[in-house]
Asks: 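Sharing a structure below in structure tokens format, with a few things to ask.
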Number of protein chains: 2
Amino acid sequence: MTEPSARPTRAQQRLQSEERILAAARQIFAELGYERTTIRAVASAAGVDAGLVMHYFGSKDLLFARAVEVPADELPGGTSGEVAEALLTSLRRRLTDEPAASLALLRSMLTNADAADRYRAAGKPQLNQLTEAISAPDAHLRAGLLSAIVHGVIAERHLLRLTHLADASPEQIIDLLRPCFQTLATAPPTSGKPS
Amino acid sequence: MTEPSARPTRAQQRLQSEERILAAARQIFAELGYERTTIRAVASAAGVDAGLVMHYFGSKDLLFARAVEVPADELPGGTSGEVAEALLTSLRRRLTDEPAASLALLRSMLTNADAADRYRAAGKPQLNQLTEAISAPDAHLRAGLLSAIVHGVIAERHLLRLTHLADASPEQIIDLLRPCFQTLATAPPTSGKPS
DNA sequence: GGGTTCATTCTACGGTTGTTGACCGGCGGC
DNA sequence: GCCGCCGGTCAACAACCGTAGAATGAACCC
């Protein structure tokens, strides 16, 4: 018997090439965005020919779709306060190492309609969970604001690299944001009682 | 004497054409971003030939630079609370009618390095004023967070058009954000006393 | 072991884009 | 009234990009 890693079978090699292409695509899409990324550049970074990328993924759009596939980031349900804390935990993880797939989606969402749709779709479950947990007439707006804050902070840290945000520790950031999130997630005290 | 508007002089006509081109450029840059905007499309929208755009502005980059020129948005100084309120006022204005020049800059900042630089430069004075007003060791970070929130909300409302944010009234948004801004602008109570 | 499948490459085409230079015609000064 | 400047157009070039299709050679199945 031969070691499975000694000489990869054809199917293995195909998967391996696909994965190398996808990794290169994720990185370049995340760095340059959809429009400035060329199939040739992705192929070159993956060490293959541009034709192969087309052969495996069909088109640039389909390659992008595969590259930015990201698991829906579900929040554990609970009270509004607990959900706010869960959102902070999610934010802390994303502040340290946001995966390239998410960055690629973020980078392209303003200039590519398809990316914008995927971004909206990816954020939708979290948005719904937030809206549901915040029992208030303006829960929709509060959830939208929380989402906007999260993505604004991530974008300015990882994409724009504003020094004010890029140099700070995740703990420092979420500690400053915690009261904001709690306030936004908590219904006004006039009609609802906390906890 | 002839009415000055009856037949415009040559200099007037040039300025008029330049302004029409700039207006078209601002709108298209704001809608599509830098890369998807073509000089031909701008020229067509302005009712002129593409060559004229080059003739007047030199290159696409220079046209973009002229199109996104936006006056630095200065905040009136004061205590941290007053500055936070001024930032809210600025936000309210930008929520109703953000000028196309600013939207063009926002739209392109993630995919165009030059736009990113201009964005950073445009936000710098406001960022400095915020940092100065917030007397705390982490003033830099707090100012950065405030800026990130403002731009995140504007981007998701005007560029991404997330329904949660696009449908809300500016008053509702800034009322929800006010406690967040006050909290972020106010130094921790352990060492500083408010007002 | 022979025929086939398939991973991979090469070449090329059509379209778009930024940019250029020649050209035209009317306004402005003399 | 004439000449030159200048607003404006037209046609074209060179580069690049996404994409298609033929070609090749090695791996796989029977």
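Hydrogens, waters and symmetry mates are skipped; everything else that's a heavy atom, side chains included, is used. Please read all numbers here as calculations on a predicted model, not as lab measurements. So you know, we letter chains A, B, ... as the sequences are listed, proteins then strands, and number each from 1.
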Asks: Establish, with yes or no, whether the OP1 or OP2 oxygen of D/dC16 is under 4.0 angstrom from a side-chain nitrogen or oxygen of A/T38.
Replies: no
Asks: The side chain of B/L52 is closest to which nucleotide in this list: C/dT8, D/dA20, D/dG8?
Replies: D/dG8
Asks: Name the nucleic acid region contacted by B/R14, choosing base, sugar-phosphate or nothing; use a 4.0 angstrom heavy-atom cut-off, strictly under.
Replies: sugar-phosphate
Asks: What I want to check is whether an N or O donor and acceptor connect the side chain of B/R40 with the base of C/dG18 at under 3.5 Å.
Replies: yes
Asks: So, does A/S17 get its side chain near the phosphate of C/dA7, meaning an N or O under 4.0 Å from OP1 or OP2?
Replies: no
Asks: Name the residue closer to the 5' end of DNA chain D, choosing between B/D49 and A/G51 according to the nucleotide with the nearest heavy atom.
Replies: B/D49
Asks: When you look at B/R107 and B/E35, which way does the salt bridge (Lys or Arg N to Asp or Glu O under 4.0 Å) test go after all the steps?
Replies: CA-CA 10 Å; B/R107 177 78 77 182; B/E35 356 280 342; over 6 Å; no
Asks: Taking only the side-chain nitrogens and oxygens of A/S59, find out if one of them lies under 4.0 Å from OP1 or OP2 of D/dG18.
Replies: no
Asks: Between A/A50 and B/D61, just flag the one whose closest nucleotide in DNA chain C comes earlier from the 5' side.
Replies: A/A50
Asks: Just by distance, with hydrogens left out, do A/Y34 and A/D114 show a side-chain donor and acceptor under 3.5 Å apart?
Replies: no
Asks: Charged N to carboxylate O below 4.0 Å: is that the case for B/E19 and B/R14?
Replies: no
Asks: Which nucleotide, C/dT19, D/dG4, C/dT8, lies nearest any side-chain atom of B/I39?
Replies: C/dT19
Asks: Among C/dG28, D/dC10, C/dT19, which is the nearest nucleotide to the side chain of B/K60?
Replies: C/dT19
Asks: Check every atom of C/dT9, D/dC5, D/dC28 against the side chain of A/T9 and return the nucleotide holding the closest atom.
Replies: D/dC28
Asks: Considering only NZ, NE, NH1 and NH2 on the basic side and carboxylate oxygens on the acidic side, decide whether B/E85 and B/R178 come within less than 4.0 Å.
Replies: yes
